[in-house]
Amino acid sequence: MAKINILSEDVRNKIAAGEVIERPASVVKELVENSIDAGAKLITVIVEKGGKDLIQVIDNGDGMEPDDAMLSLESHATSKIRNVGDIIHINSLGFRGEALPSIASISNFTLLTRSRNLETAVRIDIIDGKLKDVQKTSSNPGTTIWVRGLFKGLPARRKFLRTDTVELRHILKYFHYQAILYPEISFKLIADGKERLNYIASEDRQQRMSEIFGSGFFSDDVIPVSGVSGEYSVSGYIFGLEERGDQLIDAQYTFINGRFINDKTVKHSIKSAYEPFVLKTRVWMKGSTPPYILFIDVPPTQIDVNVSPTKNEVRFRENQRVHSLIFETLSRALKRYEDEKFASAREKFLSPPGSERPSSLERDIFVHKADVPRYGEYKKEHANLFQDDLFRQPLEEAQADIPIVNPYLSEREDQLDAFPELPNDSVPYKLLFQSEEEYINPWQLHNTYIFVQVEDGLVIIDQHAAHERILYEKLIHRTSGAPATRQKLIIPLVIDIPPYIASEIKDLMDENWEIFEKIGFMLKKFSGDSIVIEEIPAELGDFQGGKVFIDILKQLETEMQVSSDFRDSLAKSISCKAAIKANTKLTRKEMLALINNLFACRVPYFCPHGRPLIVKMSLMDFEKKFKRVL
């Protein structure tokens with residue numbers, strides 16, 4: 001008996017579907033890209049249960065004639081290419097001819113299409129890859145596709161799908177990519193009967209991006225970039241280095257020839273351009289890259305898009321040229337940005353008292369560019385005295401007095417059950433301070449870290465993380481019934497929640513309105529994605545005209561991706577935004593209050609996200625560093 005078999009068409013299609021269709025968002029991607037290739041100017045997507053039960057895509061594109069509609073369901077049938085030469089001149093989004101037969105093989109599939117040249121439409125029904133019915137009918141020009149019960153015939157695949165919320169989030173993210181790329185197309189998304197997104201066609205990409213990211217997007221430390229090298233070009237927007245902790249930190253979008261692409265060459269060039277500026281002024285950001293949205297155009301003959309079935313990777317024929325163009329364009333823009341910040345800082349330093357003061361970034365740039373002896377020169381001159389590892393503690397001598405986290409509880413247990421009715425005396429934390437006299441002279445390093453002398457050494461406290469911990473515990477207490485301290489706004493604020501947040505967070509807000517009120521907000525629903533804010537928690541201080549509330553929602557969206565506990569996620573989000581920031585000068589009284597409040601916390605040694613906020617160095621550590629003891 002032969003060991004090698006030729007697989008049936010049904011099995012081949014299901015294998016192909018495994019390569020092309022990973023989740024419901026993959027189906028949406030393939031069908032929407034077909035609609036764009038067909039010249040559609042209005043695309044509507046309807047999903048149920050995160051796309052698991054239903055995906056319906058409606059467009060007003062060119063449509064297909066009956067014969068073409070039948071051929072489109074055959075493997076490797078496409079209108080985009082005809083011969084080998086066409087593969088290196090691809091200008092369309094689709095071209096492989098795998099999507100429709102692959103999707104039809106793993107779902108109950110219906111295709112309704114009408115060419116602009118005909119008066120009647122054709123409807124084709126396929127169930128689990130088998131043709132069931134073909135009939136003529138009436139319809140508007142364009143194409144509508146229904147995909148029902150995705151992976152129901154493959155329970156092993158379906159069980160790997162995530163929750164409805166997570167799957168919908170992937171669809172929303174894809175929608176944002178396409179909405180940015182094609183502002184001239186109207187996109188609408190309806191999920192479980194609710195309209196989630198509705199972007200009206202516009203010839204202005206900036207207007208579309210303002211719709212997606214909020215009206216303040218282009219005034220929020222955004223740097224326009226543009227560069228050309230022959231037939232290659234790059235344009236778009238990158239973010240500066242001002243401190244930010246909102247959800248846009250994930251907005252790292254690269255579009256190449258009208259596709260959203262993940263490419264190592266491009267990412268490396270962007271990171272390389274940022275790195276010198278990060279190391280000069282924001283060394284704590286080392287290894288991370290600020291947000292960016294870049295549009296790159298490459299001659300079709302110089303790029304291979306036929307690298308993966310999902311078409312989200314490419315291969316450049318002139319890798320170095322692409323890298324150099326992006327690197328040089330971004331480097332020039334960041335240099336101009338740095339010069340502008342330096343000029344702004346100098347002007348503010350020369351302004352009379354009471355005028356606007358330089359931001360922390362402006363101060364850092366000013367100090368770096370000022371004519372003072374350089375650290376490298378000092379190190380070279382005193383090389384025999386310099387010790388790179390002065391504050392690096394040898395692993396074998398690491399102190400175990402202060403646990404970074406409670407060694408007896410997991411982080412989740414610790415965070416969710418941090419405040420039981422009875423004192424948690426079973427946790428063997430060692431207190432650092434025995435009396436107030438021991439820390440009578442705290443001082444700040446770079447307006448970020450508080451140094452305190454104690455009986456047997458030195459304690460260093462991260463002021464932002466410490467304040468975050470204090471606020472987090474206070475807010476958690478409020479959700480359990482402790483009274484909230486509020487501040488009433490003189491004039492209630494109407495806040496428009498940007499679509500890219502509202503599409504994911506609005507339902508959560510509606511379900512947890514009471515928790516917002518317990519923490520200290522007084523909110524009212526207005527219309528659409530707008531709300532009215534009448535009162536805010538006293539801890540928020542400068543509310544920045546409501547911008548802080550948007551930042552809290554962005555942070556909340558991020559927190560909910562790793563925790564399903566809304567109470568915990570909201571407390572973390574508010575405490576992160578309300579806590580004093582790095583580069584904030586504190587008075588001695590403020591430092592003492594911070595230290596006292598920190599050690600009144602149930603868990604004073606790490607921030608709500610698990611980062612350590614205290615480092616202790618014993619006197620013995622210093623004596624070893626200075627070779628006073630061996």
Can you see which heavy atom on [X] is nearest to which on [Y], and at what distance?
| X | Y | answer |
| --- | --- | --- |
| Ile461 | Ile595 | CD1-CG1, 4.0 Å |
| Leu586 | Gln444 | N-OE1, 2.8 Å |
| Ala579 | His467 | CA-ND1, 3.3 Å |

Using the six-membered ring wherever Trp is involved, compare the ring planes of Tyr253 and Phe213 and label them parallel, tilted or perpendicular (cut-offs 30° and 60°). tilted
Close side-chain approach of [X] to [Y], heavy-atom, < 4.5 Å:
| X | Y | answer |
| --- | --- | --- |
| Leu523 | Trp513 | yes |
| Met509 | Ile497 | yes |
| Ile531 | Ile495 | yes |
| Lys488 | Met522 | no |

Arg486 side chain to Gly520 backbone, donor-acceptor under 3.5 Å: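 Yes; at least one donor-acceptor contact below 3.5 Å.
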Does the ring centre of Phe549 sit less than 6.0 Å away from the ring centre of Phe521? yes
Can you run down the ring pair (Phe, Tyr, Trp, His ring centres under 6.0 Å) pairs that involve residues 561-591, sequence neighbours left out, and say none if there aren't any?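 Those involving residues 561-591 are Phe516-Phe566.
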To the nearest 0.5 Å, what is the distance between NZ (Lys52) and CD (Glu167)? 6.0 Å
Point-to-point distance, once rounded to the nearest 0.5 Å, from CG of Asp565 to CD1 of Ile515: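 That separation rounds to 7.5 Å.
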NZ/NE/NH1/NH2 to OD/OE distance under 4.0 Å, Asp621 and Lys625: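 Salt bridge flag = no for Lys625 with Asp621.
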Does one side chain, of Ser530 or Asp496, offer a donor that lies under 3.5 Å from an acceptor on the other? yes
Only one of Val278, Ile238, Val225 passes side chain to side chain contact (heavy atoms under 4.5 Å, CB included) with Leu334; say which it is.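 Testing each of Val278, Ile238, Val225 against Leu334, the sole residue satisfying side chain to side chain contact (heavy atoms under 4.5 Å, CB included) is Ile238.
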Taking the six-membered ring of Phe606, is the NZ or CZ of Arg611 close enough (under 6.0 Å from the centre) and on axis enough (within 45°)?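 Judged by the rule (NZ or CZ under 6.0 Å from the ring centre, within 45° of its axis), Arg611 is not positioned above Phe606.
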